[in-house]
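These notes concern the structure reproduced below.
So you know, we letter chains A, B, ... as the sequences are listed, proteins then strands, and number each from 1.
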There are 2 protein chains.
Amino acid sequence: MNSKIDQFDQKILQLLQQDARISHAEIGRQIHLSQPAVSERIKRLEAAQVIRAYRADINPKALGYQITAMIRLSTRQGRPYAQYVANCPEIIDCYTVTGEDGAVMRVLASDVEHLQRIINELNVFGSTSTAIVLTTHVAGKPITVPAID
Amino acid sequence: MNSKIDQFDQKILQLLQQDARISHAEIGRQIHLSQPAVSERIKRLEAAQVIRAYRADINPKALGYQITAMIRLSTRQGRPYAQYVANCPEIIDCYTVTGEDGAVMRVLASDVEHLQRIINELNVFGSTSTAIVLTTHVAGKPITVPAID
DNA sequence: GTTGAAACAGAAGTGCT
DNA sequence: AGCACTTCTGTTTCAAC
């Protein structure tokens, strides 16, 4: 599936992950390719859904979220938490995973009371285990093609 | 800190999270404001670091990553895993959290052998607990200002 | 793949209410 | 704060190579 992604494409993807607003001409300067060539490659990568979207990265603290938490949810007999998750604005990531915990989610809360309310609501669907984020070492690190080793 | 973020700003942030490439004029159309007014607000939000960056969202599968895993790491007497995490391209998120597990990370791997290698490397720093992602319900949901309740 | 030109869209600056 | 208008930058599309 990535057979057609060469070194140029990799560099383009890296630059666009660092800054989606970089101009095609500037990319061309950095990878020694002309601006139309860069534009065409980006168009291809977008069409192939390698580039899914361009998104603004918003600082949660600036919006009043003082707490980030990782909550693991062990559902009781597959209760339908999916709809709740989709409609809860504080839950920004949610994955179902293998193992004891059916789901892992990343949650934003303005304070501990707010977090408490979310946990209480999630407890309807199963038992939860909450870990409050103390430091963020990396978040959304730009992804690269797997090394061929 | 979010005292100056009004309804217009909220809508602007929502639209930019959905699509960072939407034009200021189009935003203006949707919130009934002129293009310069929108541009000025965005400039303010960028300067205040409410908008941190604009990033391309890349599809990991398209780059050859078939597996996403959540790995929890219980470090032995605070071993310095931070540097390893920073330099390991497969680890795209890493948080230190409260509780038993010192760290939680999101990891990409091309296959189970690849995942195995990463886990082995992390085991140098402590004991790991790995959960493979089966389904992604939401990832990077656009964030909104906390409801005033 | 390249350069160069033309057409178009979007962002930024200016002046004014 | 806001808008209308102008200018400038960047993207797109085309030609020809």
Side-chain angles (χ1 to χ4, degrees), chain A residues 1-64 140 142-145 148, chain B residues 1-59 62-64 140 142-148:
Chain A
M1 197 170 184
N2 66 336
S3 51
K4 296 151 93 178
I5 295 174
D6 64 11
Q7 295 288 112
F8 287 122
D9 290 329
Q10 290 182 40
K11 200 84 201 333
I12 289 171
L13 292 175
Q14 184 200 317
L15 291 168
L16 286 175
Q17 283 182 95
Q18 284 168 22
D19 176 16
R21 298 237 153 155
I22 187 174
S23 77
H24 297 178
E26 178 57 30
I27 293 174
R29 245 165 264 135
Q30 296 196 30
I31 66 176
H32 308 293
L33 228 56
S34 70
Q35 177 265 311
V38 172
S39 296
E40 199 188 327
R41 280 169 177 272
I42 290 174
K43 211 170 164 183
R44 245 196 334 103
L45 291 166
E46 288 171 350
Q49 281 291 90
V50 176
I51 300 171
R52 276 209 212 98
Y54 301 94
R55 301 191 184 284
D57 174 20
I58 304 302
N59 183 357
K61 279 228 172 83
L63 293 195
I143 71 177
T144 56
V145 297
I148 25 95
Chain B
M1 198 176 184
N2 65 339
S3 51
K4 296 150 95 179
I5 295 174
D6 63 13
Q7 295 290 111
F8 286 122
D9 291 328
Q10 291 182 39
K11 201 83 200 338
I12 289 171
L13 292 176
Q14 184 201 316
L15 291 168
L16 286 175
Q17 284 181 94
Q18 285 169 19
D19 176 16
R21 296 234 153 157
I22 187 173
S23 75
H24 297 179
E26 178 57 30
I27 293 173
R29 243 165 266 133
Q30 295 197 30
I31 66 177
H32 308 293
L33 232 54
S34 71
Q35 175 261 309
V38 172
S39 296
E40 201 188 326
R41 279 169 177 272
I42 290 175
K43 210 170 166 185
R44 244 195 336 101
L45 291 166
E46 287 171 351
Q49 283 289 93
V50 177
I51 299 172
R52 277 207 210 99
Y54 300 93
R55 300 191 186 283
D57 174 21
I58 304 302
N59 183 357
L63 293 196
I143 70 177
T144 55
V145 297
I148 26 94

| Nearest-Å distance for atom pair CZ/P, residues Arg29(A) and dT3(C) | 12 Å
| Nearest-Å distance for atom pair CD/C1', residues Glu40(A) and dT12(D) | 12 Å
Protein-nucleotides 6-8 of chain C N/O pairs under 3.5 Å:
none

| CD1 of Ile27(B) versus P of dG2(D): gap in Å, rounded? | 14 Å
| said: For a quick test of reading the model, state the closest non-hydrogen atom pair linking Asn59(B) to Gln49(A) and the distance between them. | reply: CB-O, 3.3 Å
| request: Find the distance Ile5(B):CD1 to dA1(D):C1' and express it as a whole number of Å. | output: 17 Å
| said: Nearest whole Å is fine: how far is dA1(D) P from Phe8(B) CZ? | reply: 12 Å
| query | With the threshold set at 4.0 Å, does a side-chain nitrogen-carboxylate oxygen contact exist between Lys43(B) and Glu46(B)? | reply | no
| Which angle, rounded to 10°, do you find between the first-five-pair axis and the last-five-pair axis of the helix from dG1(C)-dC17(D) to dT17(C)-dA1(D)? | 10°
| Nucleotide dG1(C), atom C1' - distance to CZ of Arg41(A) in whole Å | 9 Å
| request: Could you tell me the separation between the CD atom of Gln7(B) and the P atom of dA1(D), rounded to a whole number of Å? | output: 16 Å
| said: Distance check, rounded to the nearest 0.5 Å: Gln14(B) atom CD versus Ile27(B) atom CD1? | reply: 10.5 Å
| So do Ile31(A) and Val38(A) actually touch side chain to side chain, heavy atoms under 4.5 Å? | yes
Please enumerate all protein N or O atoms sitting under 3.5 Å from an N or O of nucleotides 11-17 of chain C, with distances to 0.1 Å.
unit_1  : atom_1 : unit_2   : atom_2 : d
dA11(C) : OP2    : His24(B) : N      : 2.7
dA12(C) : N7     : Gln35(B) : NE2    : 3.1
dA12(C) : N6     : Gln35(B) : OE1    : 3.1

| query | About how many Å separate CG of Leu45(A) and CD of Gln10(A), when rounded to the nearest 0.5 Å? | reply | 10.5 Å
| said: Without decimals, in angstroms, what is the distance between Ile42(B) CD1 and dG2(D) C1'? | reply: 16 Å
